[in-house]
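One structure below.
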Amino acid sequence: MAARLLLILLLSFTLAFAEPLSRRREVQVIKKVKEKGPYLGIIAAYPPEEIAFFASKAFKPDPNHPFVELSGRLYRVGKVFDKKVVFVRCGVGMLNAAAVTQQMIDVFDVIGILHFGIAGSANDSISFGDVTIPKQFVHTGLWDWLKPNGTLESSDFAHLDFGDFDVPKGNNLLGRVGYSSEEFFSVNGKPNLAQRLIWAKVTSQWLYLASTLEGIELERCVNSSFCLTRSPKLVSGVNGTSADIYVDNEAYRDFLFQTFQVSSVDMESFPVVMTSLSNGISVIVIRGISDLAGKTGEEDIDTFEDLAATNAVIVLLRFISILPPSHLDLD
């Protein structure tokens, strides 16, 4: 009986102190990693993007602390072209992207965020394998969903009437949606006072630097037997949109382009940019085109996602290589 009681006490002690000890070790590692900063933060969202990044072999892990495990994610610590970086895959969607961006800024000594990945194209002049570096992003998933003929909020900056897409045209019980702006809090604003935000802009100096890469040679081939008939191109300075919606619908694709003049469509870029801006951190987004967001008669995402991710990584790495000391302090 005494032995059994002792065993129970030992197990209780182990359970009580194992997690705090593990957490203390984690905090010590984070402290050591942070002391080696500052870093560039690199954020991907989707497994093929992560695979393409590490397949480039440009990332060299830190010999002492190659990664930090935090909230179920691996933050990989190392260098790219002798510039110190922390890489993480956030996962798909707006909430994942915002949470990871804020966590990266809070935990590590990050002075800039580089977000890359794949996207759909809503612009007929931008196609498979091309890479976009948008100047700004709009969130097109924050809706006021109204009754048919409902009155839009004065703060809504655009609207979609479902009835406009009826064939034949008639009444539609889905009504209409108004596109709402974000409430934006910033270190550069007044505490606890939100500003209205429609377009989240990337860092202008970084965008200008990235524009000098136009003309960069990108991959054409999906594999040894399937290549594009044209050379993919880099396009900078366009508009992009993000929402927790995977767009694979030609009518909605055309609506987004006509209403917001957006070229790239994804699910993470807006929150990455908005969160970076909120913290006063430089940010840029690089997106390779994997699909045409539902355009009739075109290939789906599975065909070109690897090529799109590879080309996004090519541009990402070239951008990192040309970042001058005046844009960051990573010595």
Side-chain angles (χ1 to χ4, degrees), residues 43 45 90 93-102 105 112-123 125-126 130-144 152-160 177-190 193-211 214 234-247 252-287 289 293 312 319:
I43 300 176
C90 66
M94 305 275 279
L95 185 57
N96 276 328
V100 162
T101 304
Q102 189 61 59
I105 292 169
I113 298 291
L114 310 174
H115 177 46
F116 79 98
I118 63 176
S121 172
N123 184 339
S125 68
I126 298 175
D130 291 344
V131 176
T132 63
I133 303 181
K135 64 183 177 182
Q136 57 186 0
F137 289 86
V138 61
H139 181 187
T140 51
L142 194 58
W143 290 1
D144 292 318
L152 293 167
E153 295 289 333
S154 60
S155 58
D156 290 343
F157 58 91
H159 72 275
L160 166 64
V177 296
Y179 289 81
S180 299
S181 56
E182 284 280 359
E183 290 191 345
F184 177 62
F185 296 86
S186 168
V187 294
N188 298 316
K190 293 182 179 179
L193 182 63
Q195 304 169 51
R196 184 173 184 235
L197 180 69
I198 297 175
W199 291 96
K201 300 179 185 294
V202 305
T203 303
S204 59
Q205 296 94 329
W206 281 16
L207 179 65
Y208 175 77
L209 185 65
S211 71
E214 291 188 5
L234 169 63
V235 182
S236 65
V238 294
N239 294 331
T241 180
S242 304
D244 276 323
I245 303 167
Y246 174 70
V247 179
Y252 192 58
R253 169 191 191 265
D254 293 344
F255 169 83
L256 288 173
F257 181 74
Q258 292 162 11
T259 306
F260 304 103
Q261 293 77 53
V262 294
S263 293
S264 67
V265 182
D266 68 65
M267 300 172 67
E268 298 85 23
S269 295
F270 181 92
V272 172
V273 175
M274 178 177 167
T275 305
S276 299
L277 294 176
S278 183
N279 288 273
I281 299 290
S282 297
V283 62
I284 197 166
V285 176
I286 299 166
R287 288 278 181 168
I289 300 302
F319 179 76

Problem - Candidate pair Thr101 and Cys90, rule side chain to side chain contact (heavy atoms under 4.5 Å, CB included), full reasoning - result: CA-CA 8 Å; Thr101 304; Cys90 66; over 6 Å; no
Exercise for the section: Start with the C-alpha distance between Thr259 and Tyr179, add both sets of side-chain angles, then the distance that settles side chain to side chain contact (heavy atoms under 4.5 Å, CB included), and finish with yes or no. Expected result: CA-CA 11 Å; Thr259 306; Tyr179 289 81; over 6 Å; no
Non-hydrogen side-chain atoms of [X] and [Y] separated by less than 4.5 Å:
X      : Y      : answer
Asp130 : Val235 : no
Val238 : Ser264 : no
His139 : Met94  : yes

Measure the [atom1]-[atom2] distance between [X] and [Y] for me, rounded to the nearest 0.5 Å.
X      : Y      : atom1 : atom2 : value
Phe255 : Leu160 : CZ    : CG    : 4.5 Å
Thr203 : Lys135 : OG1   : NZ    : 15.0 Å
Ile284 : Ser269 : CD1   : OG    : 11.5 Å
Leu142 : Phe157 : CG    : CZ    : 8.0 Å
Glu182 : Trp199 : CD    : CH2   : 13.5 Å
Thr275 : Ile113 : OG1   : CD1   : 9.5 Å

Looking at every non-hydrogen atom in both residues, tell me the closest pair between [X] and [Y] and how far apart they are.
X      : Y      : answer
Phe137 : Val202 : CE1-CG1, 4.3 Å
Arg253 : Ala293 : CB-O, 3.6 Å
Pro271 : Ala97  : CG-CB, 3.8 Å
Trp206 : Gly112 : CH2-CA, 3.7 Å
Gly280 : Val187 : N-CG2, 3.8 Å
Leu207 : Pro134 : CD1-O, 4.1 Å

Handout entry: Under 3.5 Å: donor-acceptor pair, side chain of His115, backbone of Val285
Key =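 No, His115 side chain to Val285 backbone: no donor-acceptor pair under 3.5 Å.
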Exercise for the section: Look only at the side chain of Ser278 and the backbone of Phe185, and say whether a donor-acceptor pair between them is shorter than 3.5 Å. Expected result: yes
Handout entry: Aromatic plane relationship, Tyr252 with Trp143 - under 30° parallel, 30 to 60° tilted, over 60° perpendicular
Key =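 Judged by the thresholds at 30° and 60°, the geometry between Trp143 and Tyr252 is perpendicular.
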Listed partners of [X] passing side-chain hydrogen bond (donor to acceptor under 3.5 Å, both in side chains), at least two apart:
X      : value
Ser236 : Glu214
Asn279 : Gln102
Ser263 : Asn123

Problem - Set of side-chain contact (heavy atoms from CB on, under 4.5 Å) partners for Asp144, sequence neighbours left out - result: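 So Asp144 forms a side-chain contact (heavy atoms from CB on, under 4.5 Å) with Leu146, Glu153, Asp156, Ser180.
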Handout entry: Pairs flagged by salt bridge (Lys or Arg N to Asp or Glu O under 4.0 Å) wherever residues 195-206 is involved - sequence neighbours left out
Key = none
Exercise for the section: Mind jotting down which residue pairs meet the salt bridge (Lys or Arg N to Asp or Glu O under 4.0 Å) criterion with at least one end in residues 259-268? Sequence neighbours excluded, please. Expected result: Asp266-Arg287, Glu268-Arg287
Problem - Ile286/Leu114 under side chain to side chain contact (heavy atoms under 4.5 Å, CB included): CA gap, chis, key distance, verdict - result: CA-CA 8 Å; Ile286 299 166; Leu114 310 174; 6.0 Å; no
Practice task
Decide yes or no on side chain to side chain contact (heavy atoms under 4.5 Å, CB included) for Phe270 and Leu197, but give the supporting numbers first.
Solution key: CA-CA 11 Å; Phe270 181 92; Leu197 180 69; 4.2 Å; yes
